Structure formats: C-alpha cells, structure tokens
Amino acid sequence: MRLAQRGVVFDRLYASHPYTSSAMAGLFCSVYPYHGWRTMCGRAADFGVPGIADVLGQAGYRTAFLHTGDLSFDHERAFLESHGFAQVDDAGSLFGRESVAASELPFGPRGKVLPDRLLAPAAFEWIDADPARPFFLTLWTIETHHPYAIPAREQASDSQASGDVELDRYVRAIRASDALIGRLVDGLAERGLADATLVVVLGDHGDAFGQHGQRIHAQTLYEEEVRIPLVMSNPRLFPRAERVGGIGQQIDLAPTLAELVGQAAPAAWQGTSLFAAGRRERAYLFTAGRHYLFGMVEGDAKYVYDASANCSELYDLERDAAERRNRVADPEFAGWSAAAHRRLAAWLAYQNDYLAATMGAGARRGHAGDAPAARKFARALGARAGVPAGN
C-alpha cells in the first residue's frame with residue numbers, strides 16, 4: 001500500500017509464458033519466449049540480446065541478482081551472468097554461508113532454498129559496500145513459488161483460511177513477501193536513498209488454484225496464470241498514486257526502465273516502454289505444458305488457439321472475467337477472432353527464427369530439430385485462418 005501511494009500500479013500486465021526462466025528472458029532482455037518445450041535460457045543461456053543489466057552496467061551502474069532458491073535450474077545463473085549481472089548469488093553461494101536453523105528452511109535441501117528474509121540484509125550489505133554509485137539490484141524470492149512454503153515461525157494462524165491448503169500457504173507467503181518489501185523500503189529511507197531509488201515490484205507468472213481444473217502454472221493461458229502485478233514507486237517520479245489500465249507485457253519492463261533512467265533501448269528488444277505515447281496495447285501468450293497454446297489479448301477480447309488439439313477459445317474479459325463462456329463461435333467476435341488467429345500465425349512464423357539468429361551454432365543445431373513441430377503448428381494456425389503463416 002505504501003508503494004502504491006507514491007507510485008504507479010499497472011492493472012493489466014501479462015507474462016507471455018507463465019514459466020520462470022522465460023520470464024527472466026522477457027523481463028531482462030525484452031524478448032518473447034521461444035515457441036518450444038525448452039526455454040531460451042535452457043537452449044542458449046548466452047543468447048546474443050543485451051539485457052537491461054548490460055545497458056545499465058555500461059552506464060556506470062553496479063548490478064546484482066540475489067535469490068533464495070537455486071539458479072542452476074534451466075541455466076538461469078548462466079543466463080544472468082551473461083546478460084549484465086556482475087554479481088549473481090543464490091542459496092548455494094551467498095546464502096549458503098548463513099547460519100539458519102532447520103526450522104527456518106522453507107522447503108528443499110539446505111543450501112538449495114533458504115528463507116526470503118535473508119534477502120534484506122544481503123541487499124543492504126551489497127548496497128553499503130559502495131553507496132556512492134548508482135545500482136540495479138534484483139531480489140528474486142522463492143517462498144511464493146510452489147509449494148508456497150514459508151518458515152514455521154512465520155506461519156501464523158489465519159482466521160480467514162479458505163480451506164484450500166495450498167492457497168492458504170500461498171496467501172501467507174505473499175504476506176511474508178509484503179513484509180520483506182516493507183523492510184527494504186524502510187532500509188532505503190534510513191540510508192537517505194528513498195528519493196533516489198526506483199522500487200519495482202512484479203511477478204514472474206501467476207498460479208492456478210483449480211479455477212479451470214488446473215493448479216500451479218505453465219499449463220494454460222487463463223488469466224490466473226498469465227496476469228501478473230507490477231508497481232513502480234518513487235516519490236519524485238510519481239508523487240501521487242496512479243493507475244494504468246492499458247495492456248502491457250513483461251517484455252515492456254526493460255524498455256520502461258531504460259527510458260526512466262535516460263538510456264536508449266537496444267534495437268534487439270521486442271518490447272516498448274509502458275509510458276510510450278501511442279504504444280500498442282496487445283499481449284501475446286504462449287505455453288507448452290500439456291499442449292502447445294498460443295494466445296492474444298487486445299482490449300477486452302482474449303483468443304487462445306490450442307495447436308495440439310486444433311481448437312480455439314475466445315473470451316470477453318469485460319463481461320466474463322472468470323473465462324467461463326467460450327465465445328469463439330459468436331458472430332459478434334468473428335472478425336476479431338480471425339484477425340487474432342492471423343497475428344498468432346505470423347508471430348509463430350517469426351519468433352523462433354528471430355531468436356535462433358541470436359544463438360550460438362550449437363544451439364542453432366538444436367533449433368533445427370524443432371523445425372518439424374514448428375512447421376506443423378504454423379500450418380495449423382495458417383490453414384485455419386485461411387492465410388499463409390507468415391502474414
């Protein structure tokens with residue numbers, strides 16, 4: 001609440017792929033996801049698109065990424081280190097040296113996952129080591145990730161429990177994260193850095209709790225998995241509370257940050273600043289969980305094509321926010337549905353080749369192995385819309 005009172009809240013921000021390492025590539029390198037089972041981090045962690053940490057590092061900023069989980073997953077550490085973060089620490093490196101009682105371990109083996117509360121002291125130790133230089137610091141929590149476990153001492157009784165054990169753990173983990181953010185904001189103020197620091201709070205993806213028969217994430221493109229929070233707070237930039245209702249995407253974050261600190265966005269980035277005049281308000285979505293799903297949101301209309309089963313869904317989010325009534329056969333949406341299908345076909349035809357051009361030779365050879373599947377889904381998308389997939 002304190003951040004929102006001196007900040008801007010973006011009500012409709014989307015993750016293009018509800019999966020953590022894809023979110024990292026989108027947030028820090030402003031690229032849409034690779035359309036395949038493996039992410040860009042997993043395929044080619046050092047792919048040749050500069051990150052926002054590269055841009056800021058070249059401008060004199062110190063850069064660091066601190067995480068209480070395990071960054072060996074999906075080559076995330078390699079991705080971060082090759083895209084501008086000068087210091088990258090997770091539970092197995094920086095936090096592995098902390099003395100933590102067994103009762104404080106959220107979940108997982110010691111050395112792999114540690115309490116999020118350790119992020120605040122680690123952050124201020126890093127900031128205090130060179131307070132004169134500007135910095136770009138990312139804190140990546142773990143307790144709000146499935147299985148949403150937090151230390152026993154933080155698991156206070158909840159009189160408003162829903163009866164869904166996982167959902168209740170998730171809510172308690174969010175409250176713990178909120179307290180962590182409060183400690184960070186207070187620490188910045190104590191150091192006289194509040195006015196000079198832009199605080200950004202956002203999610204990497206959503207999570208499902210049975211709304212459409214699915215739990216966790218990366219399986220569907222329903223709102224509970226792809227809608228994420230974003231708050232930016234700084235008393236000088238945003239002296240009053242603001243809300244932005246237009247559609248934005250994770251890939252728009254890096255261009256937005258670059259604009260706010262007066263840096264040019266690299267040409268390879270695919271996003272646009274959230275404050276750009278006349279910006280396109282459209283979100284593209286993808287996941288390769290149980291099926292290959294491609295989606296697009298524009299205005300209040302949302303179209304999802306299941307390329308594995310060759311079927312579609314369309315929802316009017318204004319009148320049906322819970323996405324219960326599939327209106328793909330409704331004449332009212334026929335023209336928009338066809339246009340969305342064509343755009344998805346063009347996106348599929350373009351994206352993997354674009355990303356392949358940024359990979360090393362070995363990763364490109366792996367990309368060639370995806371060609372049959374990509375062609376299959378491109379044909380399905382294009383044929384159903386009655387146009388070539390590249391249009």
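Since the structure is predicted, the reported quantities are computational estimates derived from the model, not experimental observations.
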Next on the checklist: Using the salt bridge (charged side-chain N to carboxylate O under 4.0 Å, His left out) criterion, which residues pair with Arg243? Sequence neighbours excluded.
Outcome noted: Asp11
Checklist entry - Does anything in residues 170-191 pair up under ring pair (Phe, Tyr, Trp, His ring centres under 6.0 Å), and if so which pairs, sequence neighbours excluded? => result Tyr148-Tyr170, Tyr170-Phe209
Checklist entry - Hey, would you say the His83 and Phe47 ring centroids sit under 6.0 Å apart? => result yes
Next on the checklist: Tell me whether Trp347 shares a hydrophobic cluster with Leu293, the cluster being built from Ile, Leu, Val, Met, Phe, Trp, Tyr side chains joined at under 4.5 Å.
Outcome noted: no
Checklist entry - So which pairs with a foot in residues 22-36 pass salt bridge (charged side-chain N to carboxylate O under 4.0 Å, His left out), sequence neighbours left out? => result none
Item to check | Donor-acceptor contact below 3.5 Å, side chain Asp178 vs main chain Arg175 | outcome: no
Item to check | Carboxylate-amine/guanidinium proximity below 4.0 Å for Asp128 and Arg191 | outcome: yes
Checklist entry - Has the side chain of Thr256 got a donor or acceptor atom that lies under 3.5 Å from a matching backbone atom of Asp252? => result yes
Checklist outcome for this item: dist Ile52:CD1 -> Leu257:CG (nearest 0.5 Å) comes out at 5.5 Å
Next on the checklist: Going by side-chain hydrogen bond (donor to acceptor under 3.5 Å, both in side chains), name the pairs with one or both residues in residues 261-278, residues two or more places apart or in two chains.
Outcome noted: Glu259-Ser273, Gln270-Gln351
Next on the checklist: When you measure from the centre of the six-membered ring of Trp126, is the NZ or CZ of Arg62 closer than 6.0 Å and no more than 45° off the axis?
Outcome noted: yes
Next on the checklist: Tell me whether Glu223 is salt-bridged to Lys302, with the criterion being a basic N under 4.0 Å from an acidic carboxylate O.
Outcome noted: yes
Checklist outcome for this item: Between Met359 and Ala44 the two heavy atoms that sit nearest each other are CG-CB, 4.0 Å
Next on the checklist: Holding to side-chain contact (heavy atoms from CB on, under 4.5 Å), I want the full list of residues that pass it with Ala321, two or more places apart in sequence or in another chain.
Outcome noted: none
Item to check | Common cluster, Val304/Trp336, ILVMFWY with side-chain heavy-atom separation under 4.5 Å | outcome: no
Item to check | Qualifying residue, where the test is side-chain hydrogen bond (donor to acceptor under 3.5 Å, both in side chains) with Asp207 and the options are Gln214, His217, His145, Arg215 | outcome: His217
Item to check | Within 6.0 angstrom of Arg133 CZ, more than 12 heavy atoms from elsewhere | outcome: yes
Next on the checklist: Between Ser312 and His341, is there a side-chain donor-acceptor contact under 3.5 Å, judged purely by atom types and distance?
Outcome noted: no
Checklist entry - Are the side chains of Val8 and Arg240 in touch, meaning some heavy atoms are under 4.5 Å apart? => result no
Next on the checklist: Could you tell me if Tyr19 and Asp204 have a donor-acceptor pair between their side chains, going purely by distance under 3.5 Å?
Outcome noted: no
Next on the checklist: I'd like to know if the side chain of Asn234 pairs up with that of Thr197 as donor and acceptor (distance under 3.5 Å, no hydrogens or angles considered).
Outcome noted: no
Item to check | Backbone of Gln219 reached by a side-chain donor or acceptor of Glu225 within 3.5 Å | outcome: yes
Next on the checklist: Pairing donors with acceptors under 3.5 angstrom, does anything connect the side chains of His67 and Glu76?
Outcome noted: no
Next on the checklist: If hydrophobic clusters are built by linking Ile, Leu, Val, Met, Phe, Trp and Tyr wherever their side-chain heavy atoms come under 4.5 Å apart, do Phe275 and Leu202 end up in the same one?
Outcome noted: yes
Next on the checklist: Quick one, Tyr303 with Glu298, criterion side chain to side chain donor-acceptor pair (under 3.5 Å). Give me CA distance, side-chain angles, the key distance, then yes/no.
Outcome noted: CA-CA 9 Å; Tyr303 177 79; Glu298 189 169 40; over 6 Å; no
Item to check | same_hphob_cluster(Met40, Val49) at 4.5 Å side-chain heavy-atom cutoff | outcome: yes
Item to check | ILVMFWY cluster, Tyr32 and Val297 together (side-chain gap under 4.5 Å) | outcome: no
Checklist entry - Do Glu143 and Thr141 come close enough that some side-chain heavy atom pair is under 4.5 Å? => result no
Checklist entry - Side chains of Ser308 and His291: donor-acceptor distance under 3.5 Å anywhere? => result no
Checklist entry - Looking at side-chain heavy atoms only, is the closest gap between Met24 and Phe65 below 4.5 Å? => result yes
Next on the checklist: Both conditions, 6.0 Å and 45 degrees, for the charged tip of Arg343 above the ring of Tyr284: are they met here?
Outcome noted: no
Next on the checklist: Give me each pair satisfying side-chain hydrogen bond (donor to acceptor under 3.5 Å, both in side chains) with a member in residues 325-335, each pair once, sequence neighbours excluded.
Outcome noted: Arg319-Glu332, Arg327-Asp330, Arg327-Glu332
Next on the checklist: Set out, in order, the CA-CA distance, both residues' side-chain angles and the distance that settles side chain to side chain donor-acceptor pair (under 3.5 Å) for Ser82 and Asp46, then state yes or no.
Outcome noted: CA-CA 5 Å; Ser82 63; Asp46 60 348; 5.9 Å; no
Next on the checklist: Can you confirm if the aromatic rings of Phe136 and Tyr61 lie within a centre distance of less than 6.0 Å?
Outcome noted: no
